[in-house]
Amino acid sequence: MTNDHHRALINGLLDLAAFLEEHPDLPVSPSLTLHHFSRRDSDADQCAEIDQIAARVGSPIDYEDSPYGHYATSVLFGPVEYRAVAISAAARARHAAETSYHGCIQPDPAPAP
């Protein structure tokens with residue numbers, strides 16, 4: 001993320017916080033997660049980036065999603081989470097295969113009551 005994108009995101013979050021404070025009657029979710037997905041070339045490089053982020057924010061690696069091919073760390077600010085994730089090449093290929101038929105099969109319309 002460039003400094004311009006970084007600053008724009010911070011400004012957007014601050015604007016959102018001010019907007020929500022001005023409109024307490026609006027419904028909101030009980031939590032919010034801001035994701036950063038590593039875009040490095042290899043799985044090892046992606047995991048190294050997540051390791052660096054974990055060290056910078058002082059959080060452990062979250063192995064809960066590792067069976068799915070995700071390597072992640074996060075830091076919480078109350079109900080707001082910053083989460084950095086590396087998704088392995090195998091997990092991306094599995095997802096692509098699982099969704100390759102998306103939109104190709106149309107269910108029959110539900111019968112009229």
Side-chain angles (χ1 to χ4, degrees):
M1 180 177 276
T2 67
N3 285 337
D4 289 343
H5 290 122
H6 196 259
R7 175 52 44 201
L9 178 63
I10 292 169
N11 288 340
L13 290 169
L14 292 170
D15 291 344
L16 173 62
F19 177 80
L20 291 174
E21 194 165 64
E22 291 173 12
H23 298 88
D25 55 322
L26 289 177
V28 296
S29 298
S31 64
L32 172 74
T33 301
L34 173 69
H35 283 97
H36 163 71
F37 293 100
S38 179
R39 304 232 187 270
R40 304 293 170 110
D41 290 333
S42 72
D43 289 354
D45 288 344
Q46 286 188 47
C47 290
E49 179 185 10
I50 303 307
D51 287 337
Q52 289 173 351
I53 292 169
R56 289 179 72 188
V57 302
S59 65
I61 297 300
D62 177 2
Y63 292 100
E64 185 174 314
D65 287 336
S66 59
Y68 304 104
H70 298 174
Y71 188 81
T73 191
S74 64
V75 61
L76 295 172
F77 304 92
V80 178
E81 176 185 31
Y82 169 82
R83 186 164 184 79
V85 183
I87 302 175
S88 69
R92 290 190 308 274
R94 185 175 58 249
H95 177 75
E98 290 171 352
T99 59
S100 64
Y101 284 94
H102 180 75
C104 295
I105 299 171
Q106 299 297 320
D108 291 334

Any idea which heavy atoms bring [X] and [Y] closest together, and the distance?
| X | Y | result |
| --- | --- | --- |
| Ser74 | Ser59 | O-CB, 3.1 Å |
| Ile105 | Pro107 | O-CD, 3.9 Å |
| Gln46 | Ile87 | OE1-N, 3.2 Å |
| Ile53 | Ala84 | CD1-CB, 3.8 Å |
| Pro30 | Pro79 | O-CB, 3.3 Å |

Starting at [atom1] of [X], measure out to [atom2] of [Y] and round the result to the nearest 0.5 Å.
| X | Y | atom1 | atom2 | result |
| --- | --- | --- | --- | --- |
| Asp43 | Arg92 | CG | CZ | 6.0 Å |
| Asp25 | Leu20 | CG | CG | 10.5 Å |
| Gln52 | Ser38 | CD | OG | 9.5 Å |
| Asn11 | Leu16 | CG | CG | 12.5 Å |
| Tyr71 | Asp62 | OH | CG | 11.0 Å |
| Arg40 | Cys47 | CZ | SG | 11.5 Å |

Partners of His36 by side chain to side chain donor-acceptor pair (under 3.5 Å), sequence neighbours excluded?
Glu49
Say whether Ile10 and Leu34 are linked into one hydrophobic cluster, either directly or through other cluster members, by side-chain heavy-atom distances under 4.5 angstrom.
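Shared cluster, no.
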May I ask whether Val80 and Leu9 are part of the same hydrophobic cluster, defined by side-chain heavy atoms of I, L, V, M, F, W, Y residues being less than 4.5 angstrom apart, directly or through others?
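In one cluster: yes.
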Take Ile61 and Thr73 through the test side chain to side chain contact (heavy atoms under 4.5 Å, CB included) and record every step on the way to the result.
CA-CA 5 Å; Ile61 297 300; Thr73 191; 4.3 Å; yes
Describe, in one word, how the ring planes of His23 and Phe19 are oriented to each other, choosing from parallel (under 30°), tilted (30 to 60°) and perpendicular (over 60°).
tilted
Should we say atom CG of Asp15 is surrounded by more than 12 heavy atoms from elsewhere, each under 6.0 Å from it?
yes
Please list all pairs passing the ring pair (Phe, Tyr, Trp, His ring centres under 6.0 Å) test where one or both residues lie in residues 85-113, with sequence neighbours left out.
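Sorted pair list comes back empty.
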